[in-house]
Structure formats: structure tokens, C-alpha cells
Asks: 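There's a structure below that I have some questions on.
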Amino acid sequence: MSDVQLRGFGWRHAGRRAWAVRGLDLEVRHGERVLLLGPSGAGKSTLLAALAGLLPEDSGESEGTIRIDGLEPRKARERVGILFQDPQTQIVMARSGDDVAFGPENRGVPAGEIWPRVSDVLDRVGFPYPINRPTSALSGGEAQRLALAGVLALRPGLLLLDEPTANLDPPGAALIREAVGRATGPETTLIIVEHRVAEALPLVDRVVVLEPGGGVRADGAPEVIFAAYGDKLADEGVWVPGFHAPPLKAGSKARNDVVRATCAAVTGRLRPVSIAVGAGEVLAVTGPNGAGKSTLALLLGGLLAPTSGRVEAFGDRRPPHRWRATTLAGRIGSVFQNPEHQFVTSRVRDELALGPRRARRSPAEVDRIVTELLGRLRLDRLADANPYTLSGGEARRLSVATALATAPRLLVLDEPTFGQDRRTWRELVDLLAGLRDEGHGIVAVTHDDAFVRTLADRTVPLGSPEPDPLPRRSRP
């Protein structure tokens, strides 16, 4: 078990004026289960990284103290397990079973105990493959399950989970919640960041709401917090149970197809799919993890060639993956599942300016585009920040903004609402609805049921992935 104490804790990323979190006083007792809430950018992920001892001293400024069982976080690392927003950042081995075994092996767990432990945690998180499955072949949701298994294999006294179900289909998310519930008995302290609040409530006995820029907004039992502060928290952008958004469907039928896939497939990643997207519609692509949704997004975005079938767009005889980069960027904007994979500069402002500059827009026009996008997506205060220091929700909005910067007529978005608070979710949905109504075609790969209900004009569910042989849980 682990006891957590923070006294006046604050952290400011290098090069930032504003503090990510400041003046935070908080105590979490042994065995408590805490749901950490707050608007996007309130410092939730920063706080988890601080508790895990993962904030480099040379990358920012800190104040106050953190103690875990009386120890500084760096000295308490063996007591702590953390699951990041992006699971790819903590997968280190080429084979899935080896990745889960990596932590226990480095902690000196006796060899005879490691592989039974690996088998147990893979079963608990519902990992569907043999232990020799290449980690490079996993979808985002499958990688999330594997990363959680690696954390649970360490049997930490303090378990920190940052959006553990964000990239998972509903059955997969339910499996993860069940696994966390079984893994967090009276001996485990749990702190979880989660936007699927209603589903997370059975896991916790306490809710802590962070105030952006400093301190705790509310703290107490879930039923007390939501009864006393629910409406006000919702107005401030915090997800609360019972959120329902009014539908924003297209007012007219979609016009000519802007992109069409005909029996397009990628060996080992996507079964043959035929799909068309018209100007002036939002098409949602849904389905289980591993069905090939992200692969389909790469095909439609011209970033991957099909191994069979074809993809056509904008009446061009050449497939999109054969277009010149400037042509592709001007016609199709893509947002990856992991937004950091598309950042190439060290400032938010420069990231937004890159596309228009490559399209040879004038300096005045580039400045106008950047200023408009910073405002529309609430990134103004972060204009000079390094993209890699943004919260998950902020990074997602930046990736959407970069896709919009060249005014493409087709947007292909992979999990566009990931990491958003209630306010920025609504603003992002409104923005996409406006683009749709202006004649843009939009494809959204998503597990967000609220997004589908609110915005999608059509939904295409992909089927289950190709079955693997029965999982082998013993060491190969």
C-alpha cells in the first residue's frame, strides 16, 4: 500500500509562463481509489507523472513537496506503476509477452514466478493474442491492454492510470475496468484520470477536481461532489455523469464523393473494405480494436498504399498515396491516433504555420491562418509552447488544427475527441459540424459513442480482426 502527500506542489514546463499545476495540497490514504477530474490542461497528466517520479529536473521548475510513503517520488519508483495516455511510449520489447515480463525481470522477481504472472495479467486485461505477437502489429487499443498488463505485472502499491480506456472499444474498455477492479484490492492505492466518468465511478470512492493553474476545486465522495457541484463543474468543462449533446446532423444530402475505397485491403492489417465519403458529410468508422480502423484512415488519407484493391480521391487518376506531398496536404488533412507522431517543430505556432508555408502562402496569410486556428481551438496561451509538453487533450486539438491549416476538402481523423474536456469536446464537434456544412468531407475513426450520436451522418462498422491461433500463455 502507498500513502501520498502533496504540500504546495507546483510544476512549470521549461519555456512556459503558466504553471501546469500549482499550490496543490492533497493527501491520498492507503487503499483509497481516487478519480482525478478537471478541464483539459488542468495538470492531471502532469500530476501523475510527478507522482511516478518522471518529471525531469532539467525540463521545468518545481516547488513544494511530494511524498509517497515518506519518500520522494524518484526513490519510491518501485512502489508505483503508471499507464500513460499514449501506451506506445512504454512498450519496449518486440514481442508482447517479453514486454510484460520486462518489468518483473528488472525488479528481480524470481524467474519461476515471472511467466505465470505474465499469463495471469494478459488474461485479466483480455489480451487476445499469443505472447509471441509482435508489439509492432498491435492496434492502439491492443497496445493499451498490453501496457496495462505490464503495469499490473509489477503489482504496484500505487497505481496511476491516465485515460486507461481512451483508445478502447466498449467491450475492451469494460474488460480493462474489470481488470483494474480486480487488481486494486485494499492493498492498492488507485489514482485514475478518466473522461468516461459514469463508467469509472464503480472503481472509485473519492473524486478530486483540479482547478486549472492551481489547487483543488472540489474533493469528496462522488455522490456528494456531483450533487453539490455537478452543474457548475459541467459549465467549467468537467465531464460529469449524464452528459447528453443535441444532434448536429447534416441539413442536406452529401454531394459527390471526395474519396472512395474499392475492396481496399492491407495484408495482416485490414480486410477488404469498400467505402465512399461525400462532400458535406461526416462518416464515422467504428468497430473493435484490431479491426483495421486506423489502417483504413491511413489509406483514405493517402499515407499508405493498399496491398490489394484501390483508393481514388478528387477524380484524380492517381491514387492518393502517389500524389506529391504538397498536393496531398492541400486536399486531405490527416490526424493520427497518436498526435505526437505528426509534430515536427518545437513551437505550437510553428507547427500550425508549417503547412501554409509549404503551400507557399504569403507571410501575412500564414499569420492570419495561425492566429485564427489558435483562437478557434483554444491554443492561444500555448502559441510559444513546445508541442511535446502539451496535455493529451491540447495535443489532440493541435493535431486537428495542423490538419485544418491548409484548408483541405477532406479530413481523416483518428480518435478526434481523445482527451477533451466537456467544453473543448463541444467546441471541436461544433467546429467539425461547421466544416461539414461548408462542404468538407470528414471521416472519423472513433470509439466515442457521444460523438457518433451527435455528429455522424453515416456510420460504417468494421468487423472483427482476423483470428489468431489460441493464445499461448506459457513462455515460448
Side-chain angles (χ1 to χ4, degrees), residues 6 9-24 36-64 66 73-74 82-90 147 160-163 166-167 191 193 195 210-215 237 335-355 370-371 373-403 405 415-421 423-424 428:
L6 298 99
F9 172 71
W11 175 265
R12 177 166 58 185
H13 293 285
R16 296 274 196 98
R17 290 184 177 181
W19 291 73
V21 60
R22 196 174 198 188
L24 184 58
L36 194 63
L37 298 179
S40 178
K44 303 182 294 294
S45 296
T46 299
L47 175 56
L48 294 192
L51 291 171
L54 298 176
L55 292 178
E57 294 179 354
D58 59 354
S59 67
E61 177 183 354
S62 65
E63 63 183 16
I66 299 180
R74 285 182 177 81
I82 183 170
L83 179 66
F84 302 132
Q85 281 182 335
D86 179 4
Q88 298 290 349
T89 60
Q90 61 194 105
L160 309 171
L161 304 178
D162 197 351
E163 298 278 2
N167 292 321
I191 302 178
V193 173
H195 284 313
L210 296 187
E211 189 80 56
V335 173
F336 302 154
Q337 189 175 68
N338 299 313
E340 294 86 355
H341 291 179
Q342 63 194 95
F343 298 154
V344 296
T345 73
S346 59
R347 286 201 315 168
V348 167
R349 185 187 305 278
D350 295 337
E351 200 70 38
L352 292 175
L354 189 63
V370 169
T371 300
L373 288 171
L374 287 171
R376 291 181 77 178
L377 289 162
R378 288 183 177 264
L379 296 168
D380 317 59
R381 63 184 179 84
L382 301 168
D384 295 318
N386 188 313
Y388 293 97
T389 67
L390 302 184
S391 73
E394 292 164 346
R396 169 56 74 219
R397 295 202 302 281
L398 175 58
S399 65
V400 171
T402 59
E415 298 291 356
T417 56
F418 168 77
Q420 300 308 305
D421 63 28
R423 178 182 297 159
T424 57
L428 189 56

Asks: Can you confirm whether L54 sits close enough to L48 that some side-chain heavy atom of one is under 4.5 Å from a side-chain heavy atom of the other?
Replies: no

Asks: Hey, could you give me the CZ/NE2 distance between F336 and H341, rounded to the nearest 0.5 Å?
Replies: 9.0 Å

Asks: Would you say the side chain of S346 lies within less than 4.5 Å of the side chain of N386, judging by non-hydrogen atoms?
Replies: yes

Asks: Drop me the distance from E61's CD to R22's CZ, to the nearest 0.5 angstrom.
Replies: 7.5 Å

Asks: Side-chain contact test, heavy atoms from C-beta onward, threshold under 4.5 Å: evaluate it for Q337 versus Q88 and give yes or no.
Replies: no

Asks: Hey, could you give me the CD1/CH2 distance between I66 and W11, rounded to the nearest 0.5 Å?
Replies: 10.0 Å

Asks: Is there a side-chain contact between L373 and L379 (heavy atoms, below 4.5 Å)?
Replies: no

Asks: From R396 CZ over to L377 CG, what is the distance, rounded to the nearest 0.5 angstrom?
Replies: 12.0 Å

Asks: Any sub-3.5 Å donor-acceptor pair from Q90's side-chain atoms to F84's backbone N or O?
Replies: yes

Asks: Once rounded to the nearest 0.5 Å, what's the spacing between atom CG of L390 and atom OG of S45?
Replies: 11.0 Å

Asks: For residues A395 and P339, report the shortest heavy-atom separation together with the two atoms involved.
Replies: O-CB, 3.6 Å

Asks: Check whether any side-chain heavy atom of L24 lies under 4.5 Å from a side-chain heavy atom of L210, and answer yes or no.
Replies: yes

Asks: What closest approach, in Å, do R74 and G53 show between heavy atoms, and which atom pair accounts for it?
Replies: CG-O, 3.9 Å

Asks: What is the minimum heavy-atom distance between A403 and V335, and which atoms define it?
Replies: CB-CG2, 3.7 Å

Asks: Can you give me the closest heavy-atom contact between L51 and P73, atom names plus distance?
Replies: O-CB, 3.7 Å

Asks: Using every non-hydrogen atom in the two residues, find where Y388 and T345 come nearest and quote the distance to one decimal.
Replies: CE1-O, 4.2 Å

Asks: Do L398 and L382 come within less than 4.5 Å of each other through their side chains, counting heavy atoms only?
Replies: no

Asks: What distance do T402 atom OG1 and L354 atom CG have between them, rounded to the nearest 0.5 Å?
Replies: 9.0 Å

Asks: Quick one: side-chain hydrogen bond (donor to acceptor under 3.5 Å, both in side chains) partners of R423, sequence neighbours excluded?
Replies: none

Asks: Tell me yes or no: between the side chains of T424 and R378, is some donor less than 3.5 Å from an acceptor?
Replies: no

Asks: Donor-acceptor check, side chain of K44 to backbone of G38, threshold 3.5 angstrom: yes or no?
Replies: yes

Asks: Suppose we screen for side-chain hydrogen bond (donor to acceptor under 3.5 Å, both in side chains). Which residues come up paired with E163, at least two apart in sequence or across chains?
Replies: H195

Asks: Could you check whether any side-chain heavy atom of L55 comes within less than 4.5 Å of a side-chain heavy atom of T46, counting everything from C-beta outward?
Replies: yes

Asks: Would you indicate whether the side-chain heavy atoms of Q420 and R397 approach each other to under 4.5 Å?
Replies: yes

Asks: For L374 and A383, work out which heavy atoms get closest and say how close.
Replies: CD1-CB, 3.9 Å

